[in-house]
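Have a look at the structure below before the remarks.
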Amino acid sequence: MDSVNVVWTESSENKSTIRQDSTTQIIFDEDTNRLNGHVEDQNVPATFRKLSKTQIFTLISTASLNFSSMICYSILGPFFPQEALKKGVSSTVIGLIFGCFAFFNFSTSLILGKHLVQIGAKFMFVTGMFVSGIATILFGMLDKTPDGPIFIALCFVVRSVDAIGFGAAMTASFSILAKAFPNNIATAMGCLEIFTGLGFVLGPPIGGLLYESFGYEIPFIVLGCVVLLMVPLNMFILPRYDAVPSKDSFWALLTCPKVMLMCFTMVSLSTSLGVLDPTLSLFVIDKFHLKVGYVGLVFLGLALSYSLSSPLLGLISDRFPGLRKWILIIGNLGSAFCFFLLGPAPIFQIESKLWMFVLMLLLDGFCIGLVGIPVYPEMLSCAYEHGFEEGLSTLGLVSGVFGAMWALGSFLGPTFGGYLNERLHFEWTAAIQGLFPLVAGILCAIYYLWEGMAVRKRSNLLMANSTVQEREHLIKEEK
């Protein structure tokens, strides 16, 4: 094929025209980053690395959400379990307080994902951030409440409201991001995970230091105000996306075998993170005698390796979709290995060392990136393969399922993590958790092996049919 001459021409509709000599004309829409036409030259896509204004504003908005929401979520880890123990709360109930956030997040993601188009993605995004910021500030006031049942009840109420706001904002965020970057969703998600990791990294040390310096209230008030400051920013810059509701349903999506596998993988992944919320700080303080301020620094290992590796993993996932299956398998098995040695498991009879503990967190952060980044594009491509309409409605369904499965694991992790830690201690808790990614890795390997065999079988059948048709055509010509 002759080389393609690329010419950019701006129009009032924010579109550009590509011409090949005088016969081929393809329209590139910068708002959707899609080609309206067909180009076979492999060098042409490199031209579309320029981001439109809509895409830039979308990235800024979703980055602000990822950072602010994660920093508020992660500040509880270093000091809340100790504060709750002083209030007469057991380890099991502490796990339930962490877990209730995910339970309501799960419900919110499914319901609002289904009705995303009717509510409006931008309205859901901004309102969710506002509710989450207010709830974060209110959570900082709970130390003034009486010990026992009243404190516990208010913890559940405020965390539940925070979860509803967080779930609304994140469901809208995934849909908006996929709408703005339909051909590079994994790369976009990977880049934004830098801000997720940054929030996760800064939350524990900032929360721990503010707690030691000013007490319980200040960490929540300061970071809650940060979230509220992001609200007017997003009201101004976040683009509005309108769409027509489709007839597709969650049930039709969840019955797809690959989607079911990705759902289990997401639950396993978020359980791995959630189980550490009520247990890791208690283990580190008891085992290695670290101060609360330094406990937050231990969280750095996992979050830092995850956030730094995510952009590269997203780029690889988009450039080489065929590698996603291997990325998922390796990531799951690697995460299982890390949890087996995090304690380490008593059956290995290895003495726990701080350097080894931090090393396993570093490695697990990378493995979590390996698993988490390819899941959303795999679910989305599966939905389109099964006839779902391309548009914001389908993106809402996929984002709802994605967020719901993450939330389900985030509920199960702290809930059972707190219970197991109280009964069996951290070493066995981490080892039992390692079984989930191990099973997920094995299931991924089995499914992709079956899928590959099915594809080869269909390919051979098509080739055989084609050969028969060609023979019949030749016979007719000879006659």
Side-chain angles (χ1 to χ4, degrees), residues 38 40 42 174 178 182-187 189-190 246-270 313-336 367-391 393-395 397-402 404-406 408-409 435-473:
H38 181 65
E40 295 181 3
Q42 297 300 318
F174 285 129
N183 302 319
N184 307 98
I185 179 60
T187 302
M189 289 181 68
S246 70
K247 297 181 180 179
D248 297 316
S249 66
F250 277 118
W251 179 249
L253 182 64
L254 290 172
T255 53
C256 302
K258 181 183 284 189
V259 172
M260 294 174 62
L261 177 62
M262 293 301 104
C263 287
F264 180 77
T265 301
M266 279 305 299
V267 171
S268 169
L269 173 64
S270 56
L313 295 173
L315 183 63
I316 293 173
S317 179
D318 278 333
R319 290 287 183 87
F320 308 102
L323 292 180
R324 288 175 187 163
K325 55 176 178 266
W326 298 109
I327 293 174
L328 284 165
I329 294 170
I330 293 172
N332 276 306
L333 297 180
S335 182
C367 292
I368 287 172
L370 287 172
V371 177
I373 297 300
V375 169
Y376 189 93
E378 282 287 276
M379 293 176 68
L380 190 59
S381 63
C382 180
Y384 290 150
E385 288 169 4
H386 283 77
F388 282 70
E389 299 177 7
E390 292 193 28
S393 184
T394 297
L395 295 176
L397 290 175
V398 175
S399 298
V401 172
F402 183 84
M405 293 304 108
W406 177 273
L408 179 60
L435 295 175
F436 286 90
L438 178 64
V439 173
I442 293 173
L443 290 177
C444 284
I446 293 173
Y447 174 81
Y448 283 115
L449 178 63
W450 170 81
E451 185 183 56
M453 294 173 61
V455 169
R456 283 193 296 270
K457 185 177 179 180
R458 286 196 299 268
S459 177
N460 293 334
L461 184 60
L462 288 173
M463 290 179 63
N465 292 335
S466 177
T467 303
V468 171
Q469 291 175 359
E470 288 177 0
R471 287 177 180 175
E472 291 176 351
H473 180 68

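Numbering starts at 1 and runs along the sequence shown.
- Closest of all the heavy-atom pairs between Tyr376 and Ser399 is OH-OG, 2.9 Å.
- Qualifying ring pair (Phe, Tyr, Trp, His ring centres under 6.0 Å) partners for Phe436, counting only residues two or more places apart in sequence or in other chains: none.
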Given Met266 and Val401, is the side-chain contact (heavy atoms from CB on, under 4.5 Å) satisfied, shown in steps? CA-CA 10 Å; Met266 279 305 299; Val401 172; over 6 Å; no
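- Nearest heavy-atom pair, Ala383 versus Leu253, reported as atom, atom and distance to 0.1 Å: CB-CD1, 3.7 Å.
- Under the rule for a side chain to side chain donor-acceptor pair (under 3.5 Å), Ser268 has no partner lying at least two apart in sequence or in another chain.
- Here CG of Leu397 is found 9.5 Å from CG of Leu254. Values are rounded to the nearest 0.5 Å.
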Evaluate the criterion side-chain contact (heavy atoms from CB on, under 4.5 Å) for residue pair Val259 and Cys263; output intermediate values, then yes/no. CA-CA 6 Å; Val259 172; Cys263 287; 4.1 Å; yes
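- Atoms SG and CE, from Cys382 and Met260 in turn, are 11.0 Å apart once rounded to the nearest 0.5 Å.
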Show the atom names and distances, to 0.1 Å, of all donor-acceptor pairs under 3.5 Å that link a side chain in residues 439-451 to residues at least two apart or in another chain.
from   : atom 1 : to     : atom 2 : distance (Å)
Tyr448 : OH     : Glu378 : OE1    : 2.6
Glu451 : OE2    : Lys258 : NZ     : 3.4

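- Across all their heavy atoms, Leu380 and Val398 have their closest contact at CD1-CG2, 4.0 Å.
- Under the side chain to side chain donor-acceptor pair (under 3.5 Å) criterion, Thr265 pairs with no residue at all, not counting sequence neighbours.
- Of all the heavy atoms in Ile327 and Pro374, the pair that sits closest is CG2-CG, 3.8 Å.
- To the nearest 0.5 angstrom, Phe264 atom CZ is 11.0 Å from Leu408 atom CG.
- Remark: Leu370 CG to Leu269 CG distance equals 10.5 Å, nearest 0.5 Å.
- Sorted by first and then second residue, the salt bridge (charged side-chain N to carboxylate O under 4.0 Å, His left out) pairs with a member in residues 326-335 form an empty list; sequence neighbours excluded.
- Counting heavy atoms from C-beta on, the side chains of Phe174 and Met189 come closer than 4.5 Å.
- Closest heavy-atom contact between Gly314 and Ile373: CA-CG2, 3.5 Å.
- Taken to the nearest 0.5 Å, the CE atom of Met379 stands 7.5 Å off from the CE atom of Met405.
- Taking Thr187 as the reference, Asp318 meet the side chain to side chain donor-acceptor pair (under 3.5 Å) condition, with sequence neighbours excluded.
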Please lay out, stage by stage, how Leu438 and Leu333 fare under the test side-chain contact (heavy atoms from CB on, under 4.5 Å). CA-CA 5 Å; Leu438 178 64; Leu333 297 180; 3.9 Å; yes
